[in-house]
Structures are given as structure tokens and as C-alpha cells.
*Asks:* 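Got a structure here, written out as C-alpha cells. Questions coming.
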Amino acid sequence: MTEELIYEEWRNFVPVVLKKHIPQWKTISRELMYKRAKEIMATSREKEWLEIANLVDKLDEIVDQEKDEEDIVNPLEVISKYQYRKENIGQKIQKLRDESWREKIPNVIKKYIPNWQSELMEDIYNKSKLLMNDETGNNLTKIRNFVADLSHYVFENDMYEESEEEQQRSEFTDESAEYIMSLIEIIILPHLEVLDRVQQKGGKILFSDLWNKPFNESLKKDVKDRDGWKCVVCETEVDLHVHHKIPRNLGGIHHKDNLVTLCASCHGAVETADIQRAFNKCWANYKKNKISKNIYEEVSRDKQLLKEEVETILDKLLVELNNKEEFKLMNDVGGIIKRLEVIFYE
């Protein structure tokens, strides 16, 4: 028996007195029948009153049953479930970047520095150098090699300068991609969870009665202030929108925890609620933005010369495209754009 028929069984309990007063009792809505029954009860004799009360009790039972089957959604609770992802992935990436040197600490140093797992890099470096005065032979060689390796971490900024291309590659590692994916999940997963709960309950969803601020320019400014006036995903600083993680039509409220700053491009991708599709677009935006910030090339104002340079660069692009040299390709595309801006707009 379908749910609809189960909820229609109440009509079998409509007493004769109500059928007389309500000729359309076979088609009237349950809510209106309840209201009319309560009105008629007020002027009924005892026997009729009991018959009507029996129907009213049945209608109350149905309402209670429906409430039990409804899912109450608190948007802020849903959002908070996914916030840990950003913290965890940030900690994980930081640990990967900062702690890999500890794996190289030789046992002879661990013996003299019991808290080697937590001690600061500089302190371990200095203590290891002192140990070189007390050790000989194989132990001395191990300590010396470790100190030499660790010095590259300690004095990295002074001793090593990455090339521009190496800097770009370091920004586009698997860790960076994982971080961007985690941001996409934080934004989209609350939407998908509420949507899934709505579908599972056949639309029988109640949303918590939370205080809701107006979605005005003041609230948008507060959100952008919190996010540093840049897209939280690709970090661009232009054409910024404020996005609801849980959409308004699914109970999403105008609360800062439910709002996030996105550029127009990332916003359009996130609105699809397709995590992989959004990642592909936002990851491309992130790389494009990072590379554009690294393009400081000064270009000539001689338009004829610029046209010749554009032709030369276009020839290079074909080679880079065939060789799948992504970083060179994106840099050269940026160079063409700068030249075309001068040719057409200056």
C-alpha cells in the first residue's frame, strides 16, 4: 500500500455527523477537515463530540508520524562537519614540507637528543655540530653528513635560489592540488549532503529555525574581509562573488559560516555541485593566477615590433603544445596577452 493511501485512511473514520456538515468530505484536504472538525466539535452533543474527537485523534497521529519521518536540518551543523578537512589538509601539507628532514636524523644523534621528534630544526642543527667535537670514525661521518644536509634547510633562503620555472612547479605539486580539492569539498559537500537528505526523505525536510541576517552589502563585505578580499580557491582578487555553500532553496542561511568568497569563474564551477568538474576548473584558475603573478616582463610600446614578437611566440607555442610543456606554454600565453593589450588598447 502506498504512503498516500495510508494517509487517506483517515476518511474511513469520518463520522456521519461530519459527513452531513461537510458534503465534500471525500475530497477535502486533511488540514481543512481538521479545522472544520474542531469547529463543529465546539457545538456538538456528547455522543457526536466523541465521534468527532476520534477522527481528530487519528489526524493528530498522522501529523506526529509525518514529523517523525521528517529530517530536521541545521545548516550550521552540516557546514561544521566539513571544516576539519581544511585544517587537516593544511596541517598535513605543512608537516610534509617541514618535517621530512627528521627522517634523516642518524641514530647517534637521536641517542644524545631524546626529544629529536619535537625539537626545533635550528636547535638540532646546533647540537649536532657540537656532537662532532665528541665523536670519531663512522659516527662522526654520519653526523657530518647530516649537518651538511640539514644546513640546506636551515639556510635555504641564503644558499639556494629557485629558478622562475622551478618556483612555479613547486606551486603546482600534488600537495597543492590536494589542497585545492579539499577547499572544493568544504564548499560543495554541505550542499550535496542536504540535497541527499531531501531526496532520501522524499522532500520531507524541516530546516532549523535559525536567526537569519539580511543578505546585504554589509554582510558581503564582512565575508570578503574575512577571506582577505580574494577568491579562497584560486586567490584571484578581481570580480569577487559571495557564495552560499548550502543554497538558499535548500535552507542555506545568510550566515558567515555558510558564505564564502569566490571569483566569478570559480563560482560558476562550484555552482555545478560537481566536485570533479569544479576541481578541474578551479585548479586551472589557480595555476593561471599563480603564473600571471610571476609575469613581470616589460614589453615594448612599438606596435610593429610587438606584432613580430607575437608571431615569434606563437611559433614557440606550437612546439610547447606538441611537447606538452605546460609551464612554458602558460608563460608565453601570458606574454602574448600583455603584448596584445598594448597593440589594441594603447
*Asks:* What are the two closest heavy atoms between Ser265 and Asn285, and how far apart are they?
*Replies:* OG-ND2, 2.9 Å
*Asks:* Linking I/L/V/M/F/W/Y whenever any side-chain heavy atoms sit under 4.5 Å apart, do Ile180 and Leu240 land together?
*Replies:* no
*Asks:* Give the intermediate values and the outcome of side-chain contact (heavy atoms from CB on, under 4.5 Å) for residues Ile124 and Phe146.
*Replies:* CA-CA 11 Å; Ile124 290 182; Phe146 172 71; 4.1 Å; yes
*Asks:* Kindly determine whether Cys266 and Tyr286 satisfy side-chain contact (heavy atoms from CB on, under 4.5 Å), including the steps that lead there.
*Replies:* CA-CA 9 Å; Cys266 289; Tyr286 174 83; over 6 Å; no
*Asks:* Looking at every non-hydrogen atom in both residues, tell me the closest pair between Ser128 and Ile109 and how far apart they are.
*Replies:* OG-CD1, 3.4 Å
*Asks:* Without swapping roles, check the side chain of Arg102 against the backbone of Trp116 for a donor-acceptor pair under 3.5 Å.
*Replies:* yes
*Asks:* Distance from Arg144 atom CZ to Met132 atom CE, nearest 0.5 Å?
*Replies:* 5.0 Å
*Asks:* If every non-hydrogen atom of Phe279 is compared with every non-hydrogen atom of Ile184, which pair is closest and at what distance?
*Replies:* CA-CG1, 4.2 Å
*Asks:* Checking His191 now: which residues fulfil side chain to side chain donor-acceptor pair (under 3.5 Å) with it, not counting sequence neighbours?
*Replies:* none
*Asks:* Rounded to the nearest 0.5 Å, what separation is found between the CD1 atom of Ile143 and the CD atom of Glu135?
*Replies:* 5.0 Å
*Asks:* Group every Ile, Leu, Val, Met, Phe, Trp and Tyr by side-chain heavy-atom contacts under 4.5 Å, then state whether Val242 and Val270 land in the same group.
*Replies:* no
*Asks:* So Gln276 and Met181, side-chain contact (heavy atoms from CB on, under 4.5 Å) or not? Walk me through it.
*Replies:* CA-CA 8 Å; Gln276 188 58 54; Met181 175 61 87; 3.9 Å; yes
*Asks:* Could you check whether Asn126 and Glu122, counting side-chain N and O atoms only, form a donor-acceptor pair closer than 3.5 Å?
*Replies:* no
*Asks:* Locate the shortest heavy-atom distance separating Arg36 from Ile22; write the atom from each residue and the value.
*Replies:* CB-CD1, 3.7 Å
*Asks:* Would you call the rings of Phe215 and His254 parallel, tilted or perpendicular, where under 30° means parallel and over 60° means perpendicular?
*Replies:* parallel
*Asks:* Taking only Lys NZ, Arg NE, NH1 and NH2, and the carboxylate oxygens of Asp or Glu, determine whether Arg226 and Asp222 approach each other closer than 4.0 Å.
*Replies:* no
*Asks:* Got a second to check how far Glu51's CD is from Arg45's CZ, nearest 0.5 Å?
*Replies:* 10.5 Å
*Asks:* Is it the case that over 12 heavy atoms from other parts of the model lie below 6.0 angstrom from the CH2 atom of Trp49?
*Replies:* no
*Asks:* Measuring from atom OG1 of Thr272 to atom NE2 of His267, what distance do you get when rounded to the nearest 0.5 angstrom?
*Replies:* 11.0 Å
*Asks:* Do Ile246 and Val232 sit in one hydrophobic cluster, given that two such residues count as connected whenever their side-chain heavy atoms are within less than 4.5 Å of each other, even indirectly?
*Replies:* yes
*Asks:* Does any part of the side chain of Ile186, heavy atoms only, come nearer than 4.5 Å to the side chain of Lys245, both counted from C-beta?
*Replies:* yes
*Asks:* Take atom NZ of Lys220 as the centre, draw a 6.0 Å sphere, and report whether it contains more than 12 heavy atoms from other residues, nucleotides or ligands.
*Replies:* yes
*Asks:* Using side chain to side chain contact (heavy atoms under 4.5 Å, CB included) as the criterion, list what pairs up with Leu55, not counting sequence neighbours.
*Replies:* Trp10, Phe13, Val14, Pro15, Leu18, Met33, Leu59
*Asks:* If hydrophobic clusters are built by linking Ile, Leu, Val, Met, Phe, Trp and Tyr wherever their side-chain heavy atoms come under 4.5 Å apart, do Leu262 and Trp229 end up in the same one?
*Replies:* no
*Asks:* Would you name the heavy atoms of Ala278 and Ile188 that are closest together and state the gap between them?
*Replies:* CB-CD1, 3.8 Å
*Asks:* Has Glu46 got more than 12 heavy atoms of other residues, nucleotides or ligands less than 6.0 Å from its CD?
*Replies:* no
*Asks:* Quick one, Glu48 with Thr43, criterion side-chain contact (heavy atoms from CB on, under 4.5 Å). Give me CA distance, side-chain angles, the key distance, then yes/no.
*Replies:* CA-CA 10 Å; Glu48 293 174 340; Thr43 58; over 6 Å; no
*Asks:* Would you give the length of the straight line joining atom CG of Leu250 to atom CZ of Arg248, rounded to the nearest 0.5 angstrom?
*Replies:* 12.0 Å
*Asks:* How many angstroms lie between NZ in Lys35 and CD1 in Ile28, if you round to the nearest 0.5 Å?
*Replies:* 10.5 Å
*Asks:* Is it true that, when you exclude His241 itself, more than 12 heavy atoms of the residues, nucleotides or ligands shown sit nearer than 6.0 Å to its NE2?
*Replies:* yes
*Asks:* Say whether Ile253 and Val223 are linked into one hydrophobic cluster, either directly or through other cluster members, by side-chain heavy-atom distances under 4.5 angstrom.
*Replies:* no
*Asks:* Taking the side chain from Asp227 and the backbone from Lys230, do they hold a donor-acceptor pair closer than 3.5 Å?
*Replies:* no
*Asks:* Under 4.5 Å between any side-chain heavy atoms of Ile275 and Leu192, yes or no?
*Replies:* yes
*Asks:* Specify the closest pair of heavy atoms between Ile113 and Lys127, including all atoms of both residues, with the distance to one decimal.
*Replies:* CD1-CB, 3.8 Å
